[in-house]
Amino acid sequence: MRAEYVDAVLQVVDLIPPGSVLSYGDIAELLGVGGARQVGSAMSASGSTTTWWRVLRASGHVPEGHTAAALTNFRSEGTPLLGAPEALRDGGSGPWRVDMRRCRWSPDDSTMDRIEHIARSLESRLHRMSVADDEMEA
DNA sequence: ATTCTGACTTGCT
DNA sequence: AAGCAAGCCAGAA
């Protein structure tokens with residue numbers, strides 16, 4: 001996983017407003033590079049210094065082991081959740097998920113421009129890196 | 001070159 | 001609802 005890739009993913013994550021979310025696959029699609037699994041790896045590598053809870057599975061489920069922390073963030077942001085009330089008790093250990101249909105983020109036009117800029121920048125940086133790699137072998 | 005692994009996704013039961 | 005199989009992309013062994 002290239003550092004450039006992780007950077008680009010995090011730049012997009014930073015644009016997601018409170019109360020909204022994107023799936024791993026959404027971000028991969030916005031960047032036009034890599035797939036959902038790459039975005040997942042990038043998030044895993046980036047630690048807790050980000051608003052990681054705004055990126056989750058397409059099903060609305062948050063990554064294993066992070067349900068309690070995510071739930072408190074969702075509560076403070078008013079993120080819409082699905083699931084029986086009893087599932088949300090004590091740390092949210094039960095079967096609940098984010099209501100993706102209601103809070104999946106759709107960037108406005110100007111924000112989409114910024115995302116496209118991030119994507120273009122990523123591609124050129126990645127290209128330069130691969131050229132540098134080729135020269136290493138020679 | 002192969003095989004394994006992962007904060008994934010979709011479709012089918 | 002929940003589990004499973006396949007497909008997916010890349011990095012690591």
Side-chain angles (χ1 to χ4, degrees):
Chain A
M1 170 118 318
R2 293 261 199 228
E4 290 80 4
Y5 189 76
V6 177
D7 287 347
V9 168
L10 296 185
Q11 287 175 50
V12 173
V13 172
D14 282 342
L15 295 174
I16 307 173
S20 293
V21 301
L22 285 181
S23 72
Y24 300 99
D26 289 338
I27 294 183
E29 193 169 341
L30 288 170
L31 289 179
V33 180
R37 305 194 84 126
Q38 282 52 243
V39 174
S41 296
M43 293 305 291
S44 176
S46 62
S48 58
T49 61
T50 61
T51 53
W52 54 266
W53 59 89
R54 297 181 192 150
V55 186
L56 62 186
R57 292 193 210 172
S59 63
H61 289 103
V62 309
E64 181 68 20
H66 300 263
T67 58
L71 184 55
T72 58
N73 282 297
F74 292 145
R75 288 207 163 117
S76 76
E77 295 186 359
T79 309
L81 306 177
L82 293 173
E86 59 267 28
L88 296 166
R89 266 186 308 226
D90 50 53
S93 49
W96 58 273
R97 61 209 163 96
V98 169
D99 189 348
M100 289 289 285
R101 285 205 300 184
R102 286 177 55 200
C103 64
R104 187 179 224 124
W105 184 46
S106 309
D108 60 30
D109 290 348
S110 71
T111 308
M112 191 57 91
D113 287 344
R114 297 173 61 186
I115 293 173
E116 279 167 13
H117 174 274
I118 293 169
R120 279 199 311 277
S121 172
L122 171 61
E123 286 183 51
S124 62
R125 292 167 85 188
L126 251 25
H127 182 263
R128 279 196 296 276
M129 288 303 295
S130 76
V131 170
D133 286 348
D134 289 348
E135 292 173 356
M136 286 306 253
E137 303 176 35

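Here the C1' atom of nucleotide C/dA10 and the CG atom of A/Leu31 are 15 Å apart, to the nearest Å. Look at CE on A/Met1: it is 12 Å from C1' on B/dA7, rounded to the nearest Å. The nearest whole Å value for the distance from the CG atom in A/Leu22 to the P atom in B/dC8 is 15 Å. Taking atom OH of residue A/Tyr24 and atom C1' of nucleotide B/dT9, one finds them 12 Å apart after rounding to whole Å. For the pair A/Met100 CE and B/dT10 P, the interatomic distance rounds to 10 Å; values are reported in whole Å. To the nearest angstrom, C1' of C/dA12 lies 14 Å from CZ of A/Arg2. Atom pair A/Ile27:CD1 and C/dC8:P shows a separation of 22 Å (rounding to whole Å applied). Computed from coordinates, the A/His66 NE2 to B/dG6 C1' distance equals 13 Å when rounded to whole Å.
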Begin with the C-alpha distance, continue with both residues' side-chain angles, and end with the deciding distance and a verdict on side chain to side chain donor-acceptor pair (under 3.5 Å) for A/Asp113 and A/Ser110.
-> CA-CA 5 Å; A/Asp113 287 344; A/Ser110 71; over 6 Å; no
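Contact of the A/Pro18 side chain with the A/Arg54 side chain is registered, since non-hydrogen atoms from C-beta on lie closer than 4.5 Å. Considering only heavy atoms from C-beta on, A/Ser124 comes within 4.5 Å of A/Arg128 through its side chain. For the pair A/Leu30 and A/Met112, the minimum side-chain heavy-atom distance is below 4.5 Å.
Under the 90° criterion around 0 for the glycosidic angle, C/dA1 counts as syn.
Rounding to the nearest 0.5 Å places CZ of A/Arg97 at 11.0 Å from CG of A/Leu56.
Side-chain atoms of A/Arg102 do not come within 3.5 Å of backbone N or O of A/Pro80 as any donor-acceptor pair.
Proximity of residues 37-63 of chain A to DNA chain C (heavy atom under 4.0 angstrom from any strand atom) is restricted to A/Arg37, A/Gln38.
Atom P of C/dA6 sits at a distance of 22 Å from the matching atom of B/dA7, rounded to the whole Å.
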